[in-house]
Amino acid sequence: MINQELAKIFYSISSYLEMEEVAFRPYAYQKAGLVLEVLEENVEEIYKRGGVKALEKIPGVGKNIALKIEEYIKTGKIKYYEKLRKKTPIDLEDIISVEGMGPRKAKILYQKLGIKNLKDLEKAVKAHKITPLFGFGEKTEKNILEGINFLKRNKGRFLLGDIMPVVKEIIGKLENLKEVRKISVAGSVRRMKETIGDVDILTVSRNPTKVMDFFVSLPGVVKVWSKGGTRSSIRMKDDIDVDLRVVSEKSYGSALQYFTGSKEHNITTRRIAMDRGLKLNEYGVFKGSKMIVGKTEKEVYKAIGLVWIPPEMREDEGEIELARQGKLPKIIDYNDIKGDLHCHSDWNGGDNSIKEMAEAAQEMGYDYLGISDHTKFLRIENGLNEKQLTQQRKEIDKLNSRFHSLSSNKQAKFRILQGAEVNILKDGSVDIKDEALKKLDYVIAGIHSNMKMEKEKMTERIIRAMRNPNIDIISHPTGRLIQRRDEYLIDFDKILKEAKETKTILEINSFPGRLDLKDTYIRKAKEAGVKMIINTDSHHKNHLRLIEFGIAQARRGWAEKKDIINSQSLDKLLKFFK
DNA sequence: GCCGTTTTCGGCCCGACTGTTTTCAGTCG
């Protein structure tokens with residue numbers, strides 16, 4: 001967790017420096033933040049092993065930043081950062097989280113109007129105080145207000161991808177206590193919702209007091225809301241609230257069912273219990289005052305005439321009726337994915353070489369990996385042109401023949417595919433010539449510009465791309481960024497119809513801030529018979545693990561193995577491409 | 001502030017879009 005804390009601080013320093021119009025240094029801090037965010041080894045351990053010198057070995061970390069990491073490890077603070085914040089005492093991170101606001105504008109608003117936080121900003125905008133300022137017009141006023149409203153709608157919720165590492169760490173520590181007999185996360189985390197309000201953990205223990213003592217003194221606890229024998233509530237760093245409940249072993253299953261929710265799912269299951277003359281609550285299933293079952297979820301569901309329902313499906317969207325009929329779809333499993341086809345390498349935006357990415361994919365047990373680097377329209381990502389794609393093909397061929405000569409069966413079977421993530425331009429054409437596209441194993445197309453088009457035009461734009469006989473996959477099809485940007489205006493039904501006709505595959509992007517397609521669209525796609533692929537959009541080998549969140553989203557959308565093309569073997573996968 | 005088959009200084013961070021500025025600055029990917 002300390003790596004992520006430092007990453008956040010370095011990002012923030014980068015913003016402050018940008019505000020002060022310092023050249024290049026913001027980029028250096030940004031880079032350090034990026035690297036730390038995905039670094040496998042804890043910086044504390046690196047420091048313990050080799051001091052500042054070892055820290056300097058981390059790419060993007062030089063002497064200065066290494067010393068700052070050391071300072072943070074020793075004191076929990078970075079003086080340089082404190083100084084920057086004191087100099088311009090505003091909630092910069094909050095203010096620039098408003099779409100369209102950046103460090104420069106934040107500085108002007110602070111200097112001219114004394115705006116320090118979102119509240120000040122909202123007040124000033126509503127009083128039309130910013131329009132008279134140089135560089136701020138009516139549209140800016142409107143955009144800022146919209147941005148603030150967007151943030152407000154999503155306040156207090158965290159991305160599942162940000163919460164999960166914290167949850168895993170806490171559960172890992174509690175599991176190691178010999179007093180803990182059973183433990184599981186419940187609530188929206190267990191249902192793998194894309195955003196999370198707070199974390200609920202359930203446990204069974206013979207010594208609740210000891211477990212609670214341990215819980216409230218975990219590292220990273222900033223506040224103890226309450227501490228009791230059966231329930232304690234804490235706030236962790238980054239304002240994440242965590243509840244721990246100790247329940248009795250005989251009620252563990254019903255408690256888990258009750259606290260996993262969703263509320264709507266529980267209302268319906270309780271009604272079903274009532275219809276059968278039973279009562280269902282967090283302590284068990286009761287007939288009169290006699291408890292029938294409660295130890296496991298499976299027997300709880302069975303007692304009210306249902307088969308066990310995967311947590312991701314528990315939203316009362318029809319799953320209960322299917323469970324009653326024994327007709328629940330067999331949704332895709334977390335182990336079903338055989339390869340990842342949306343990955344970037346150091347040929348442009350990524351951090352790792354094709355070889356490193358391939359080795360990481362092999363470690364995950366994959367059979368294949370697709371490299372799909374950005375193409376030339378995206379200059380910042382150093383997008384590849386036709387000639388560079390040909391060169392990249394040579395490298396991939398070389399790596400593949402090297403894998404084939406290896407003795408281990410699994411490795412010899414492994415294959416790297418060459419794709420590309422081309423850009424769908426304003427008119428629906430793409431930025432790479434057809435002859436070059438034909439030479440690739442598959443082609444992903446995505447929108448990375450002009451996102452504010454009218455609904456009809458945007459839909460037409462995507463449809464034209466899907467009709468291109470070389471384009472196989474549409475990446476992040478709706479363009480949303482959770483809590484940051486709405487999806488673009490599209491007629492999704494029309495897109496599904498065209499995808500089906502042109503045999504174009506829609507991506508489920510696993511990045512925690514995207515999850516695009518989202519669950520409800522996945523279900524629609526499945527019902528329309530449109531094939532999907534779960535990809536990570538990795539820019540670093542460690543991102544490959546994010547596949548978990550894409551699979552979770554697919555499960556929430558009831559997708560089965562047959563709906564997801566990269567649950568298939570390489571031979572079968574290749575048949576899906578045009 | 002980092003980095004180095006161009007090694008201890010000089011380069012890195014580009015181009016489109018937006019809003020508003022009549023010639024460009026800030027934001028975003």
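So you know, we letter chains A, B, ... as the sequences are listed, proteins then strands, and number each from 1.
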Going by the rule ring-ring contact (aromatic ring centres under 6.0 Å, His included), which residues pair with [X] if we only count those two or more places apart in sequence or in a different chain?
X: Tyr442(A); result: Phe577(A)
X: Phe10(A); result: Tyr29(A)
X: Phe136(A); result: none

Q: Determine, answering yes or no, if Tyr27(A) is stacked on dC12(B) under the 5.5 Å centre rule and the 30° plane rule.
A: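 No; by the centre-distance and plane-angle rule, Tyr27(A) does not count as stacking on dC12(B).
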Show me the protein contacts with nucleotides 3-6 of chain B, counting only N or O atoms at under 3.5 Å.
residue, atom, partner, partner atom, Å
dC3(B), OP1, Gly60(A), N, 2.5

**Q.** Pairs meeting criterion ring pair (Phe, Tyr, Trp, His ring centres under 6.0 Å) with involvement of residues 37-71 of chain A, two or more places apart
**A.** none
Q: Determine which pairs satisfy ring pair (Phe, Tyr, Trp, His ring centres under 6.0 Å) with at least one residue from residues 446-470 of chain A, sequence neighbours left out, and list them in order.
A: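 Residue pairs with at least one partner in residues 446-470 of chain A: His374(A)-His448(A), His448(A)-His476(A).
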Q: Considering only atom P, compute the distance from dT7(B) to dC12(B) and round it to an integer number of Å.
A: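 dT7(B) and dC12(B) have their P atoms separated by 14 Å.
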Q: With C1' as the reference atom in both, quote the distance from dC13(B) to dC3(B) in angstrom, rounded to an integer.
A: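 Comparing C1' positions in dC13(B) and dC3(B) gives a spacing of 15 Å.
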Q: Using the side-chain hydrogen bond (donor to acceptor under 3.5 Å, both in side chains) rule, collect all pairs that involve residues 504-521 of chain A, keeping only residues at least two apart or in two chains.
A: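 Sorted pair list: His342(A)-Glu507(A), Thr478(A)-Asp516(A), Glu487(A)-Tyr521(A), Thr502(A)-Thr504(A), Thr504(A)-Lys578(A), Glu507(A)-Asn509(A), Glu507(A)-Asn535(A), Asn509(A)-Asp537(A), Asp519(A)-Arg556(A).
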Q) Under a 4.0 Å heavy-atom cut-off, which of residues 65-77 of chain A touch DNA chain B? A) Ile65(A), Lys68(A)
Just list the side-chain donor-acceptor pairs under 3.5 Å for residues 98-111 of chain A, sequence neighbours left out, or say none.
residue, atom, partner, partner atom, Å
Arg104(A), NE, Glu18(A), O, 3.1
Lys105(A), NZ, Gly100(A), O, 3.4

Q: For Thr140(A), report the nucleic acid contact type (base, sugar-phosphate, nothing); a contact means any heavy atom under 4.0 Å.
A: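 Sugar-phosphate contact only.
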Pairs under 3.5 angstrom, nitrogen or oxygen only, protein versus nucleotides 25-27 of chain B, please.
residue, atom, partner, partner atom, Å
dG26(B), OP2, Arg104(A), NH1, 3.1
dT27(B), OP1, Gly102(A), N, 2.5
dT27(B), OP1, Gly102(A), O, 2.8
dT27(B), OP1, Lys105(A), N, 3.1
dT27(B), OP2, Arg104(A), N, 3.3

Q | Listed partners of Phe24(A) passing side chain to side chain contact (heavy atoms under 4.5 Å, CB included), at least two apart | A | none
Q. Does Lys53(A) have any side chain to side chain contact (heavy atoms under 4.5 Å, CB included) partners at least two apart in sequence or in another chain, and if so, which?
A.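 Scan of Lys53(A) (side chain to side chain contact (heavy atoms under 4.5 Å, CB included), adjacent residues dropped) gives Glu56(A).
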